[in-house]
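To start, the structure under review is shown below, and the notes come after it.
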Amino acid sequence: MSVAAFTPLTKTDIATILQVTPRTIENFVNQGILPPPRAIGGRVFWHPDIFYTWLDSTLRDTTSHQSTPDDPDSPRPTLSATLDAPSKGAKKSAVERSQARQRNKLMF
């Protein structure tokens with residue numbers, strides 16, 4: 001029996017795929033948007049099947065879900081729901097402008 005080989009994905013790999021910074025990937029994991037990685041020898045990795053299944057599901061999702069940390073049964077927030085969050089002030093911050101640019105990149 002042979003096992004198909006795969007290359008685990010690093011934070012940098014995922015940041016490149018999503019066209020964001022590695023710090024944004026950390027934020028997405030902390031916010032529950034991305035599935036958590038697994039630590040191996042002090043480094044973190046995602047199994048490609050898990051990541052690409054999440055990406056496929058996220059890109060196909062037409063609804064926006066917001067979860068609360070107190071309710072583990074509520075759905076995790078989607079990437080689009082996080083990027084589409086309404087701004088608090090009339091002027092957009094640099095972060096909001098950056099998120100809008102990234103949302104546009106992901107949509108097209």
Side-chain angles (χ1 to χ4, degrees):
M1 165 166 61
S2 76
V3 176
F6 67 90
T7 302
L9 298 170
T10 65
K11 186 186 332 175
T12 303
D13 295 333
I14 291 179
T16 300
I17 292 165
L18 297 179
Q19 298 178 347
V20 297
T21 66
R23 179 66 185 146
T24 299
I25 298 304
E26 292 173 14
N27 291 337
F28 285 171
V29 170
N30 291 336
Q31 294 168 1
I33 297 168
L34 268 171
R38 299 291 179 240
I40 301 173
R43 295 193 60 203
V44 295
F45 298 97
W46 283 262
H47 191 289
D49 290 345
I50 292 171
F51 172 73
Y52 285 112
T53 298
W54 168 84
L55 183 60
D56 181 64
S57 172
T58 299
L59 293 176
R60 290 176 188 270
D61 186 10
T62 58
T63 62
S64 296
H65 301 288
Q66 291 292 335
S67 67
T68 59
D70 299 335
D71 184 6
D73 293 330
S74 68
R76 290 197 323 208
T78 62
L79 180 60
S80 61
T82 301
L83 294 177
D84 290 336
S87 62
K88 301 231 186 296
K91 274 180 100 174
K92 289 187 176 183
S93 70
V95 171
E96 291 169 327
R97 289 190 306 270
S98 174
Q99 288 174 338
R101 282 192 304 273
Q102 291 178 13
R103 179 179 59 246
N104 289 335
K105 286 181 185 177
L106 289 173
M107 294 178 105
F108 298 102

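Residue numbers start at 1 and run along the sequence shown.
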For [X] versus [Y], what's the shortest heavy-atom pair and its separation?
X     : Y     : value
Pro8  : Pro48 : CA-CD, 4.2 Å
Thr53 : Asp49 : OG1-O, 2.6 Å
Val29 : Pro36 : CG1-CA, 4.2 Å

- Evaluation steps, side chain to side chain contact (heavy atoms under 4.5 Å, CB included), between Trp54 and Ile14: CA-CA 12 Å; Trp54 168 84; Ile14 291 179; over 6 Å; no

- Item | Ile17 and Phe51: CA distance, side-chain angles, deciding distance, side chain to side chain contact (heavy atoms under 4.5 Å, CB included) verdict | CA-CA 11 Å; Ile17 292 165; Phe51 172 73; 3.9 Å; yes

Output the distance between atom [atom1] ([X]) and atom [atom2] ([Y]), rounded to the nearest 0.5 Å.
X     : Y     : atom1 : atom2 : value
Leu18 : Thr24 : CG    : OG1   : 9.5 Å
Thr10 : Ile25 : OG1   : CD1   : 10.0 Å
Phe45 : Lys11 : CZ    : NZ    : 11.5 Å

- Item | Asp13/Thr16 under side-chain hydrogen bond (donor to acceptor under 3.5 Å, both in side chains): CA gap, chis, key distance, verdict | CA-CA 5 Å; Asp13 295 333; Thr16 300; 5.8 Å; no

- Query: Side-chain heavy atoms under 4.5 angstrom apart, residues restricted to Ile, Leu, Val, Met, Phe, Trp, Tyr: same cluster for Leu34 and Ile50?
  - Reply: no

- Indicate yes or no: at least one non-hydrogen side-chain atom of Thr58 is less than 4.5 angstrom from one of Ile33.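 Not touching, per the 4.5 Å side-chain cut-off.
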
